[in-house]
> 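Attaching a single structure in structure tokens format; questions to follow.
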Amino acid sequence: MNMWLGLMRREWRLARAQPTDLLLPLAFYLLVAMLFAFGARPNDPAVLQFAPAMLWVGALLALLLSLDRLFQPEFEDGTLEQWCLADAPLALIVLAKLLSHWLVQGVPVALMALPIAGALGVPVAVWPVLLAGLLMGTLLVVLFGGLATSLAVGLPRAGALMPLLVLPLLAPVVIFGGGSVRAAIDGADAVAPLYFLGFLVALALTALPWACASALRNAFD
């Protein structure tokens with residue numbers, strides 16, 4: 001527990017030391033929403049039909065901006081090598097690192113979706129479904145991004161590979177996340193797609209930290 005709290009405090013200190021890294025995904029998300037609104041006709045009711053897709057795709061793309069250096073600072077300053085030599089299982093350290101990154105970067109992006117949804121005319125009654133889905137969706141982005149970053153850590157221009165490695169994995173996340181919002185807007189039951197997202201989160205939390213740990217160990221072989 002002390003190790004987890006220490007990693008979370010370290011992640012928060014790094015975010016405070018570089019506030020631009022914290023604000024960049026939020027600013028990107030807001031700009032995407034503004035451009036989407038500028039491209040539509042004023043007071044066009046059809047905007048509401050496309051709002052779920054825009055809210056989800058914008059949030060996931062915004063969070064991708066923070067993933068390219070997920071393990072790179074630890075690789076460059078030798079912290080990652082110390083993690084590999086530590087007595088604690090590397091998979092648990094990786095899991096703590098990923099959850100810390102999600103709390104600092106993913107949760108603010110999910111919360112940012114609520115005022116954007118209001119500006120797009122999404123009813124307030126739909127906001128809990130949107131927030132629940134995006135909290136799980138952003139966590140999946142961080143977990144998938146952690147795997148991609150682990151595979152590419154130490155490689156030159158690894159950030160350019162990140163969208164190509166992560167975006168194909170996000171197709172079911174966008175389908176069921178956007179589907180839950182559309183179902184809530186139409187007055188249908190949105191529980192089933194949220195359950196599927198929850199299943200993906202449970203599966204990713206169980207398997208991906210171990211896969212990330214194996215990939216990170218290979219970086220030193």
> What residues, two or more places apart in sequence or in another chain, satisfy side-chain hydrogen bond (donor to acceptor under 3.5 Å, both in side chains) together with Asp189?
none

> First locate atom CG of Asp186, then atom CD of Gln49, and finally report the distance between them rounded to the nearest 0.5 Å.
9.0 Å

> Measuring from atom CZ of Phe28 to atom CG of Leu64, what distance do you get when rounded to the nearest 0.5 angstrom?
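Going from CZ on Phe28 over to CG on Leu64, the span is 8.5 Å.
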
> Could you pull out the closest heavy-atom pair between Ile175 and Arg182, with the gap in Å?
O-NH2, 4.4 Å

> State, yes or no, whether a side-chain contact exists between Leu55 and Ile116 at a heavy-atom distance under 4.5 Å.
yes

> Only pairs at least two apart or in different chains count here, so list each salt bridge (charged side-chain N to carboxylate O under 4.0 Å, His left out) that has a residue in residues 106-127.
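Listed once each, the pairs would be none.
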
> Restricting to non-hydrogen atoms, name the atom on Ile93 and the atom on Trp83 that form the minimum distance, rounded to 0.1 Å.
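Here Ile93 and Trp83 meet closest at CG2-CD2, 3.6 Å.
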
> Could I get the full list of side-chain hydrogen bond (donor to acceptor under 3.5 Å, both in side chains) partners for Trp102, not counting sequence neighbours?
Thr138

> If you round to the nearest 0.5 Å, how far is CG of Leu23 from CG of Leu30?
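That separation rounds to 11.5 Å.
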
> Nearest heavy-atom pair of Ala148 and Val166: which atoms, and what distance?
CB-CG2, 3.7 Å

> Please report the shortest heavy-atom distance between Ala110 and Leu131, naming the atom on each side.
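Minimum heavy-atom contact is O-CD1, 3.8 Å.
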
> Locate the shortest heavy-atom distance separating Val126 from Ala184; write the atom from each residue and the value.
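The answer is CG1-CB, 3.7 Å.
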
> Please evaluate residues Val142 and Gln105 with respect to the criterion side chain to side chain contact (heavy atoms under 4.5 Å, CB included), reporting the C-alpha separation (whole Å), side-chain torsions for both, the decisive distance (0.1 Å), and the verdict.
CA-CA 9 Å; Val142 172; Gln105 299 279 354; over 6 Å; no

> About how many Å separate CG of Asp77 and CD of Gln82, when rounded to the nearest 0.5 Å?
8.0 Å

> Rounded to the nearest 0.5 Å, how far does CG of Leu90 lie from SG of Cys212?
9.5 Å

> Minimum heavy-atom separation for Pro193 to Phe176, with atom names?
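In this case the closest contact between Pro193 and Phe176 is CB-O, 3.3 Å.
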
> With rounding to the nearest 0.5 Å, note down the distance linking CZ in Arg217 to SG in Cys84.
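Rounded to the nearest 0.5 Å, the CZ-SG separation comes to 5.5 Å.
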
> Side chain to side chain contact (heavy atoms under 4.5 Å, CB included) between Leu208 and Val94: does it pass, once the steps are laid out?
CA-CA 9 Å; Leu208 290 185; Val94 168; over 6 Å; no

